[in-house]
Asker: 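Take a look at this one; I'll ask things after.
Not measured: the values here are computed from a predicted model. Letters go in sequence order (proteins before strands), and every chain restarts at 1.
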2 protein chains.
Amino acid sequence: MAARDYGQYGGVARAVELVGERWALLIVRDLLVGPRRYGELAAGLPRIPSNILAARLKELQAGGIIRRAPRSRIVIYELTPYGRELEPVVLALGAWGLASLDEPRDEQVITADSMTMDLRSAFRPQIALDLPATAYAARVGGAELLVRVDGPTLDVRRGDGPADLSFAGRGIHRLIKGELDAQRAIATGEIELLEGSGELLERFGRTFRFAA
Amino acid sequence: MAARDYGQYGGVARAVELVGERWALLIVRDLLVGPRRYGELAAGLPRIPSNILAARLKELQAGGIIRRAPRSRIVIYELTPYGRELEPVVLALGAWGLASLDEPRDEQVITADSMTMDLRSAFRPQIALDLPATAYAARVGGAELLVRVDGPTLDVRRGDGPADLSFAGRGIHRLIKGELDAQRAIATGEIELLEGSGELLERFGRTFRFAA
DNA sequence: CCGCATCCCATGTGATACTG
DNA sequence: CAGTATCACATGGGATGCGG
């Protein structure tokens, strides 16, 4: 049950003993978006076997990374303060991984929490500072996100709502990476504009951009 | 042979598919210190089975993270530019892991490369800026490191050499974490002063400090 | 030697089924 | 809903072998 150890004494070895097991960092990623129930985690990690999810949750608790939310009638998992300190790690890892993403395969899902963290990884506060506050509604796969940018602050939440620009499509990551121009994305149908102007999609592309 | 995938399209999932397998990040950690031969990697990862090391090296090559150094008669592994972009990730992960390190168990080894990255994780350039240039020689376990701090720059290399302070002992991490005061470390023998003053050990402790 | 490849067994993982 | 139980299978660990 205890994570297998590497026989080394050092920061990186200790870290991978705590969160290096398969699925562990994806659980942490989703919990960085917010506290989640067991079933929500399972839904956000469609291919994780339930016994593995249960085992990881125990290990992460034993490691002091997550805990069951106290004084809550239902079971809710949340990060401890120490677990929350993984945020820069996960954001950096996500940014690094974004760089080598190619086009999504049909079998690959894009979940709300995953997309949320990708947007956080790619968000450029300095750029957003000079742009007017904007609300975007994005639909990708089954996930609906409401993305509010206001100066240097970013707020992403699930669900729908009023937005300046509403769009859908699985080409969002490639737009963020600069591989896909906003105009072309609309022209080829890789991104479908539901409401709002193409200019706002360009603004989105400037606000969220993977910095090589 | 291809890393098992998670069925998700996103930055973090992609990243853990590339470097999430057991031992992979420790190999990257050591290669961040410098190019290494197969045998050097094996020596720096004492408990890795040779077949696993061979498998990981292939996977990391396939992922574009490492390569065999070109125009070299002997086999040398080094990071690609993309692999080198993992440095902030590994440093952040190392710093996070340092926070939950307790005392080293006897069976745990401290390797030169591991210690080097821990020092990089804990180095505080702003603090060092106001301190005189100093050379430290540290011996911990079997590893000998020559640590040169000059203003905001840090240089760590293996081996011995002239130093202002020379010390040994397995208590260095706890000194860095502030759990152990320099005076006490000397008094209890957790750190043995070979050459130089206790004041220099305090300077070391201020220069390398894990920032919670 | 160095850079792996093979073999065998223990352990971890994945799919499915099941329970309080 | 929140997990256990079970079992087939893939992967990891340790020892050993082997060609260049």
Asker: Arg47(B) side chain N/O closer than 4.0 Å to the phosphate oxygens (OP1, OP2) of dG12(D)?
Answerer: no

Asker: Once you round it to whole Å, what is the distance between P of dG12(C) and CZ of Arg22(B)?
Answerer: 9 Å

Asker: To check you understand the geometry: which heavy-atom pair defines the closest contact between Trp23(A) and Pro49(A), and what is its length?
Answerer: NE1-CD, 4.5 Å

Asker: Kindly say whether, by distance alone, the side chain of Asn51(B) makes a donor-acceptor pair under 3.5 Å with the base of dG14(D)?
Answerer: yes

Asker: With a 4.0 Å cut-off, would you call Asp150(A) and Arg148(A) a salt bridge?
Answerer: no

Asker: Without decimals, in angstroms, what is the distance between Arg73(B) CZ and dC2(C) C1'?
Answerer: 13 Å

Asker: Is the base of dA2(D) touched by the side chain of Ser50(A) through a donor-acceptor pair closer than 3.5 angstrom?
Answerer: no

Asker: Can you work out whether Ile52(B) or Ala54(A) has the more 5'-proximal nearest nucleotide on DNA chain D?
Answerer: Ala54(A)

Asker: Distance check needed: dC2(C) P versus Ile76(B) CD1, whole Å only.
Answerer: 13 Å

Asker: What is the distance, rounded to the nearest whole Å, between atom CD of Gln61(B) and atom C1' of dG3(C)?
Answerer: 12 Å

Asker: Which heavy-atom pair separates Ala137(A) from Asp160(A) by the least distance, and what is that distance?
Answerer: CB-OD1, 4.1 Å

Asker: So, is Arg37(A) close to the dA2(D) phosphate, meaning a side-chain N or O under 4.0 Å from OP1 or OP2?
Answerer: yes

Asker: 5'-most contact on DNA chain C: Leu57(B) or Trp23(A), nearest heavy atom basis?
Answerer: Leu57(B)

Asker: Can you tell me how far C1' of dG12(D) sits from CG of Leu26(B), to the nearest Å?
Answerer: 14 Å

Asker: Where the side chain of Pro49(A) is concerned, which of dA5(C), dG14(C), dG12(D) is the nearest nucleotide?
Answerer: dG14(C)

Asker: State whether Tyr6(A) and Arg22(B) meet the cation-pi test: NZ (Lys) or CZ (Arg) under 6.0 Å from the six-membered ring centroid, and within 45° of the perpendicular axis.
Answerer: yes

Asker: For Tyr6(A), report the nucleic acid contact type (base, sugar-phosphate, nothing); a contact means any heavy atom under 4.0 Å.
Answerer: nothing

Asker: Could you tell me how far apart Tyr77(B) (OH) and dC2(C) (P) are, to the nearest whole angstrom?
Answerer: 14 Å

Asker: Whole angstroms only, please: what is the CG-P distance between Leu45(A) and dA2(D)?
Answerer: 15 Å

Asker: Distance check needed: dA5(C) P versus Leu53(B) CG, whole Å only.
Answerer: 11 Å

Asker: Under 4.0 Å between a Lys/Arg side-chain N and an Asp/Glu carboxylate O for Arg56(A) and Glu59(A)?
Answerer: yes

Asker: Of the nucleotides dA5(C), dT11(D), dC4(C), which has the atom closest to the Arg4(B) side chain?
Answerer: dT11(D)

Asker: For dT4(D) and Lys58(A) - does any side-chain N or O of the residue sit under 4.0 Å from the phosphate oxygens OP1/OP2?
Answerer: yes

